[in-house]
Every structure is written in structure tokens, then in C-alpha cells.
Amino acid sequence: MRVRDYGIEIGVLRPGKLNAITDVSSVSVGHKTLIEGSNIRTGVTAILPHDRNLFQNKLPAAIYLGNGFGKLMGYSQVKELGNLETPIILTNTLSVPTAANALITYTLDQPENKSVRSVNPVVGETNDGYLNDIRQRAVKEGHVLEAIESAQTGQVKEGNVGAGTGTTCFGYKGGIGTSSRVLPKSQGGYTVGVLVQTNFGGVFTLNGTPIGKVLDQYSRRYQYDADGSCMIVVITDAPLDARNLERLAKRAMLGLGRTGGIASNGSGDYVIAVSNAKENYIPYHSEDPINHNQYLRNDEVSGLFLAVIEATEEAILNSLFAAEDMTGVDGHVRKALPVEDILKLIKDK
């Protein structure tokens, strides 16, 4: 069940058909979930922004650091050149090098890339060490490649799957969540899709209701034990350059804030924003020294800002509503969101 299944509508803009990042044309998502014995609770989520060779057909991209207590790989080249050349991988903190190596393998193995000598893999992470024996480093290169190869368009699995298998959000079981928004035709009709890996804290707020406070979670522990991370991936078919993609990414943090997240000192909150507008693919090789791209003017992006705020907020909520109870390493337990109690609070408000 997702948040809208309970009649709770977030924001004012219309979601896409699937209310998922895959509402953006040609975007696909794959998961590899690792649940082994009593101590392995982790996995991999792969996001492919289009269905072509991404190294040969790079995309405008930006990465925004909401709070940089994290191990995201690939930031500097995206910042410098403003483009993305590999799929985006999400996993756990200690598996970032393994995932990066897998992305390099994936890229080098494509026939068109036989002369490639440099690859900038983009890998994000959160620390799932409360439920997962993270020191075991259970994620292997093959698991990452499986996630990439299994990527599909259509509905996206949420909750305790892939990179969200062992995560925690607001003291409850977190996970993978996704959502989308479609602008009116008068504003271009563009789609903004968001996928999150939630593993952070704060004072949980649902559609303006301070659930964490009402459920007596607003204590010293919940005020200060809010460290964690949230990875946010934003993809749009709007023709944006890297500069306006960074502006879009910044607004995603407002969506996180709407849920009660505070981007605490120990939280790695990163937003990766990508435009997959076909007219603006960036070829690896070109005989033309001039790029002939067309991007939206600054005056035309405000609607996209609202879209990403709403989609981020709802994606985070979906990650919580879809998650289930989980017991992990050392008998640690994370309970799912107490949905019935929350619905009653909202009804009584």
C-alpha cells in the first residue's frame, strides 16, 4: 500500500500514470535484494535514465549536496562537466567501491566502448548497519550487474527491496520509494520522477501533521538521534542544462524537509538530477565542435521546482508506507510505520 491508497494526496500537481520515476519515458529501475541468514539485510538499486548506451549518449546532470556526510562516488566530474555517463547505483556505505567497479565493468563490456579508458561511475549510498552486518560487505560485483540487467520500465517495487532492504527512516523501517508529477500542458507537460533510498531521521511529518510529535517521538532521542542519509534521484524529460538541474536538485531537499527530515550533522543527503530529453543527448564523439542544444529558459522552470518538491515528499512517504517489519543483525528490529494509528490521528485532526 502506498500513501495515496489511503486517500492521502500530497501536493496539488498530478502524478504520472504509475506515480513513479518510470513515468519519465525510457527510465528503468532494477533491484537486487540480499536477505541471508539472520545478519545480511542489504542490496542494490540501479536506475537507468534511458535505454541506450549511456557512455556514448551522455545526459545533462547535476549533484547537489544537502549534507555531505556520505560516500557518494562520481561527484567531481559531474560537477565539472555537467553530465552523466553511467547508470546510477544505490547501495550500502561499504559497498560503494564494489558497485563502482561493477559499473566500470558494465561500461567497458559494451561493444561500442571497446576503446574507452576512463569511466566516471556514479554510486550513492546509505548506511544500513543497524539491520545489516555491513562489515561483511555482502554485495558483490555480480549483484550490481544483476540489478542493472534486471532494470525494467513500469511499476517500481518499493519498501524493503534493493538498496532499501536494511534502511531506517524516522525510527521506523525505511526503504525505496518513488513518485512523479506531470506539469500541465500550458507549462510544457513535462514529467518529473523521483526515487529515494530513505535512511534518515527527524520529526516525522505527514502532509503537514507532526506525526512524530503526536506519537510522543518528539523526545531527546528523536531530536538528536537523527543521523542517517537519504539518496534522492530526480529524472525529468524537461530539457534542462546542468545549471538548472542543480537548481532542481536543491528543491528536492525542500521535499525532504516537508517530511520532517533535518539533514543532520551525520546525514548524507545527496540529490542526483538528470534530464533525459532526447534532443540534448551528449555524444561521446562528435565531429562538430559546437553543441547545438536547446534548454528551458530560467523563467520556465518554477513549475518543475514545485513538481520535484511534491514528488520527493511523496516518494519518501511511499518508502515508509511500503516497508514492512524487519529483524536483522544482533536481533535488531525495525517496525513498520504504524499506519492505522497514523490514519486515526489524521482523521481526528
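From a predicted model like this one, the values you see are computed outputs, not experimental measurements.
Here Leu72 contributes atom CG and Leu90 contributes atom CG; the two are 9.0 Å apart, rounded to the nearest 0.5 Å. Atom CD1 of Ile40 and atom OG1 of Thr165 lie 11.5 Å apart (nearest 0.5 Å). With values rounded to the nearest 0.5 angstrom, Met73 atom CE is found 12.5 Å from Ile89 atom CD1. Note that the OG1 atom of Thr259 and the CD atom of Glu314 stand 12.5 Å from one another [nearest 0.5 Å]. A distance of 12.5 Å separates CG in Leu103 from CZ in Phe55, rounded to the nearest 0.5 Å. The OG1 atom of Thr178 lies 8.5 Å from the CD atom of Gln155; values are rounded to the nearest 0.5 Å.
In summary, of the residues considered (Ile316, Asn67, Thr168), a side-chain contact (heavy atoms from CB on, under 4.5 Å) with Phe200 occurs for Ile316 alone. Considering Thr167, Asn92, Asp128, Thr126 as possible partners of Gln197, the one that fulfils the side chain to side chain donor-acceptor pair (under 3.5 Å) test is Thr126. Each of Asn293, Leu59, Leu240, Asn291 was checked for a side-chain contact (heavy atoms from CB on, under 4.5 Å) with Asn280, and the lone residue meeting it is Asn293.
Under the 3.5 Å distance criterion, the side-chain polar atoms of Glu246 are left unmatched by any main-chain donor or acceptor of Ala62. Of the possible donor and acceptor atoms, one in the side chain of Gln56 sits under 3.5 Å from a partner among the backbone N and O of Glu112.
For the residue pair Ser286 and Asp288, no side-chain donor N or O sits within less than 3.5 Å of a side-chain acceptor on the partner. Using modelled atom types, one finds no donor on one side chain facing an acceptor on the other under 3.5 Å when comparing Arg52 with Asn276. A side-chain donor-acceptor contact under 3.5 Å links Asn298 and Asn244.
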Handout entry: Candidate pair Glu141 and Asn101, rule side-chain hydrogen bond (donor to acceptor under 3.5 Å, both in side chains), full reasoning
Key = CA-CA 7 Å; Glu141 185 174 337; Asn101 198 51; 3.0 Å; yes

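The pair Glu310-Arg258 does not meet the salt-bridge criterion, since no charged nitrogen lies less than 4.0 angstrom from a carboxylate oxygen.
Glu279 CD: more than 12 foreign heavy atoms inside a 6.0 Å radius.
In this structure, Tyr75 has its ring center at least 6.0 angstrom away from the ring center of Tyr270.
Scanning all heavy atoms of the two residues, the minimum distance from Val234 to Ala252 falls at CG2-CB, 4.4 Å.
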Would you tabulate the side-chain donor-acceptor contacts of residues 81-88 under 3.5 Å, counting partners in other chains and residues two or more places apart, or write 'none'?
| unit_1 | atom_1 | unit_2 | atom_2 | d |
| --- | --- | --- | --- | --- |
| Glu85 | OE1 | Lys58 | NZ | 2.9 |
| Glu85 | OE2 | Asn120 | N | 2.7 |
| Thr86 | OG1 | Val122 | N | 3.3 |

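Cation-pi check for Arg334 over Tyr130 is met; the charged atom lies under 6.0 angstrom from the ring centroid and within 45 degrees of its normal.
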